[in-house]
2 protein chains.
Amino acid sequence: MVRVRMADVAARAGVSTATVSMVLNGVNSTRISPQTQQRVREAAEAVGYKPNSVARSLRTQQTRMVGLISDTIASTPFAGRMLAGANDVAREQGHLVVLVDTERDAEAERQALHALNGQQVDAVIYACMWHRVVEVPPGLPEDAVLLDCAPAGGGRAAVVPDERAGGRVAVRELVAAGHRRIAFLDAEERFELVASRLRYEGYLEVLAEAGIEPDPALHVRAEPVAGGGRDAARRLLDLPERPTAMFCFNDRMAMGAYAAAHHCGLSVPRDLSIVGYDDQQLVAAELDPPLTTIALPHYEMGRWAMEVALGLRQADPEVPHLMPCPLIRRASVSPPPTQFGD
Amino acid sequence: MVRVRMADVAARAGVSTATVSMVLNGVNSTRISPQTQQRVREAAEAVGYKPNSVARSLRTQQTRMVGLISDTIASTPFAGRMLAGANDVAREQGHLVVLVDTERDAEAERQALHALNGQQVDAVIYACMWHRVVEVPPGLPEDAVLLDCAPAGGGRAAVVPDERAGGRVAVRELVAAGHRRIAFLDAEERFELVASRLRYEGYLEVLAEAGIEPDPALHVRAEPVAGGGRDAARRLLDLPERPTAMFCFNDRMAMGAYAAAHHCGLSVPRDLSIVGYDDQQLVAAELDPPLTTIALPHYEMGRWAMEVALGLRQADPEVPHLMPCPLIRRASVSPPPTQFGD
DNA sequence: AACCTCAAGTTAATCGATTAAACAAACTGG
DNA sequence: CCAGTTTGTTTAATCGATTAACTTGAGGTT
């Protein structure tokens with residue numbers, strides 16, 4: 001199948017390629033008579049002309065491609081939502097996404113940047129799959145947009161989830177249900193999760209605004225997986241004055257908390273209310289009862305980043321844009337059990 | 001930052017661009033004197049020359065880009081592994097992946113094909129996120145590779161998981177542990193899952209080879225999610241002569257089976273052995289006890305597809321390549337409880 | 001008649017490489 | 001000493017578009 005070129009269209013319509021180009025791109029269209037325009041369009045249709053973007057790109061210095069460098073597309077189910085958001089905006093704008101997965105390898109990053117630079121992509125997005133503070137790799141274009149990470153030195157457009165607000169929303173949901181002894185099942189510090197500190201801050205803020213004295217015994221840490229959540233929750237439930245609600249760092253820990261509650265013969269949410277974080281479909285929605293949780297706005301962040309990258313939206317390079325994390329209300333929160341003496 | 005062109009290197013080295021091109025590409029290198037080669041390389045280094053792939057592509061008719069059309073990158077955690085596999089091979093070969101997500105929309109598919117064709121990608125991969133039989137979209141290049149789907153009419157290179165063998169491996173694991181009453185918790189037919197029939201066939205094959213008469217009462221269907229698995233498992237456990245083992249269509253159903261077992265006061269695997277399918281990290285590894293399951297070879301299929309796309313490997317266009325599904329042995333299988341009369 | 005304006009195109013340069021063909025200088029062999 | 005080969009490099013065409021600058025002829029003005 002031999003490709004048809006603009007010259008073929010021109011020949012068939014009996015005009016020059018310049019005319020074809022103008023007509024097909026709608027440039028200077030007042031200067032071309034309607035009849036000729038018609039003729040050109042028919043010819044293009046007839047020969048099945050498809051413009052060659054490579055040639056166009058060489059001339060216009062625009063490729064309509066955006067490079068998306070990510071550290072790991074593989075190991076998290078979140079990746080997809082971010083890609084989907086970015087991808088949707090790109091498509092709406094007639095752009096294509098070139099994806100490179102570097103697996104956090106500096107050398108791979110350098111190569112990727114090279115390749116993307118060589119391909120003359122119009123913009124670059126640098127995405128992390130966990131909310132992190134990153135050392136911006138050398139060679140990353142000035143106007144690159146950071147997605148789900150903040151630049152260590154500042155000075156770049158970036159978007160991250162508003163974890164602190166998310167923490168507040170989660171704990172407010174529990175306070176509003178009447179809880180006063182609310183535990184926070186946190187991730188261990190060694191994981192260096194930015195989200196951990198921020199969600200904890202949100203937790204403290206709401207306790208303060210509700211006039212609840214934070215009890216240090218209710219802030220426990222564990223590995224942020226189901227097993228860790230189970231152990232941490234068990235410790236909490238062994239407390240003399242045990243919590244009536246738990247805010248968990250993530251849904252997997254919440255899953256563990258469910259198991260611990262079962263083990264202690266407690267029912268969720270009647271005896272224990274639980275709120276998670278992340279809204280992982282496979283966990284949150286499938287638990288019994290379905291888990292009330294805070295969603296990470298991956299799709300929206302992906303959109304935002306692409307919109308900034310394509311110049312559809314302005315960004316303040318000094319401070320990362322905070323994307324709200326919505327509460328997903330399901331069935332794991334209810335008022336605390338009534339006790340004598342209350 | 002103004003781009004340096006080959007002409008700049010040529011000027012600095014005091015040679016023509018032809019020489020620079022030959023040296024830098026190692027073409028005809030015997031014909032260029034070592035001194036000149038050295039000079040050119042130094043000049044390129046000094047001015048920080050980076051080749052412009054767009055210009056090169058225009059000339060060579062090769063873009064070193066591969067288009068990857070997928071129906072949904074968003075809604076499944078598997079997507080990432082497939083992309084990662086494809087991406088790794090692409091990188092090893094110095095190629096870039098252009099990703100387009102069409103969300104199964106025919107119009108979007110048409111557009112994507114247009115765009116990729118316009119960008120002159122060297123190859124195209126058409127990926128599904130569930131094992132499916134697909135109607136190949138019109139305009140898909142003859143030599144496109146299908147990933148995790150088989151073409152309705154045949155005649156295309158394709159790779160899919162070997163579900164039947166996977167089913168066999170799963171059930172053999174149970175037979176080997178000594179089970180004879182083995183249930184299959186299947187997905188309902190309305191979901192039209194290719195995998196459903198194939199895994200069932202594998203199940204039947206192993207029963208036959210073990211001389212076990214299949215009991216229709218042990219083949220139950222439900223929605224392939226945790227809730228469906230729970231209900232189906234409960235029905236099975238209410239049977240007068242209940243199964244000692246369950247092979248579940250997927251890990252989510254297995255998760256429900258765990259819940260049902262708990263509910264009936266049975267312990268996994270002491271009273272009931274369970275094998276899942278999919279090896280979804282968030283489910284299988286985090287259950288208590290961890291779930292023995294069959295993994296889908298997404299990474300390997302991604303690699304395979306890209307290798308075929310880049311001509312590194314030959315494929316038979318008549319029959320899809322079957323990728324083996326490995327058994328992931330964890331802790332949900334043990335010998336059946338001993339019964340009187342055995 | 002001389003001059004200007006306008007409409008409707010066309011010509012040719014350009015984007016930044018690759019590569020076949022041409023060329024100049026040095027060398028080789030009879 | 002001259003034809004022929006080898007060596008090392010350059011010239012120029014090419015890939016397929018875009019676009020500034022130019023052309024051509026018709027119509028209008030004075």
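Each chain gets a letter, A, B and so on, in the order the sequences are listed, and its residues count up from 1.
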Could you grab the distance from atom CG of Asn87(A) to atom CD of Glu103(B), nearest 0.5 Å is fine? 8.0 Å

Indicate, with a heavy-atom threshold strictly under 4.0 Å, whether Ser57(B) touches base, sugar-phosphate, or nothing. nothing

For the pair Arg110(A) and Glu107(A), find out whether any cationic side-chain nitrogen is under 4.0 Å from an anionic carboxylate oxygen. yes

Without hydrogens or angle criteria, can the side chains of Gln37(B) and Arg41(B) be said to hold a donor-acceptor pair below 3.5 Å? yes

Here the distance between atom P of dT19(D) and atom CG of Leu24(A), to the nearest Å, is 13 Å

Grab the stems for DNA chain D, please: at least three consecutive Watson-Crick or wobble pairs, both distances below 3.5 Å, written as range with range. C:1-30 with D:1-30

Interatomic distance, Ile69(B) atom CD1 to Leu147(B) atom CG [nearest 0.5 angstrom]: 12.0 Å

Taking CZ from Arg3(B) and P from dC15(C), how many angstroms apart are they, rounded to a whole number? 14 Å

Find the distance Asn117(B):CG to dA17(D):C1' and express it as a whole number of Å. 16 Å

To the nearest 0.5 Å, tell me how far Arg59(B) CZ sits from Arg56(B) CZ. 13.0 Å

Atom CD of Glu45(B) and atom CZ of Arg12(B): how far apart are they, to the nearest 0.5 Å? 10.5 Å

Rounded off to whole Å, could you give me the CD-to-P distance for the Gln61(B) and dA17(D) pair? 10 Å

Are side-chain heavy atoms of His95(A) and Leu310(A) found at a separation under 4.5 Å? yes

Here the distance between atom P of dA17(D) and atom CG of Leu58(B), to the nearest Å, is 9 Å

Nucleotide dG16(C), atom P - distance to CZ of Arg56(A) in whole Å: 18 Å

Can a side-chain donor-acceptor contact be found between Gln111(B) and Arg91(A) if the only test is distance below 3.5 angstrom? no

For nucleotides 9-13 of chain D, which of its nitrogen or oxygen atoms have a protein nitrogen or oxygen under 3.5 Å away, and what is each distance?
unit_1  : atom_1 : unit_2   : atom_2 : d
dT9(D)  : OP1    : Thr36(B) : OG1    : 2.5
dT9(D)  : OP2    : Ser33(B) : N      : 3.0
dT9(D)  : OP2    : Ser33(B) : OG     : 3.2
dT9(D)  : OP2    : Thr36(B) : OG1    : 3.1
dT9(D)  : O4     : Arg31(B) : NH2    : 2.8
dT10(D) : OP2    : Ser16(B) : N      : 2.8
dT10(D) : OP2    : Ser16(B) : OG     : 3.0
dT10(D) : OP2    : Thr19(B) : OG1    : 2.7

To the nearest 0.5 Å, how far apart are NE2 in His298(A) and CZ in Arg81(A)? 10.0 Å

Measure from CZ on Arg5(A) to P on dC15(D) and round the result to the nearest Å. 7 Å

Spacing of Asn25(B) atom CG relative to dG16(C) atom P, expressed in whole Å: 17 Å

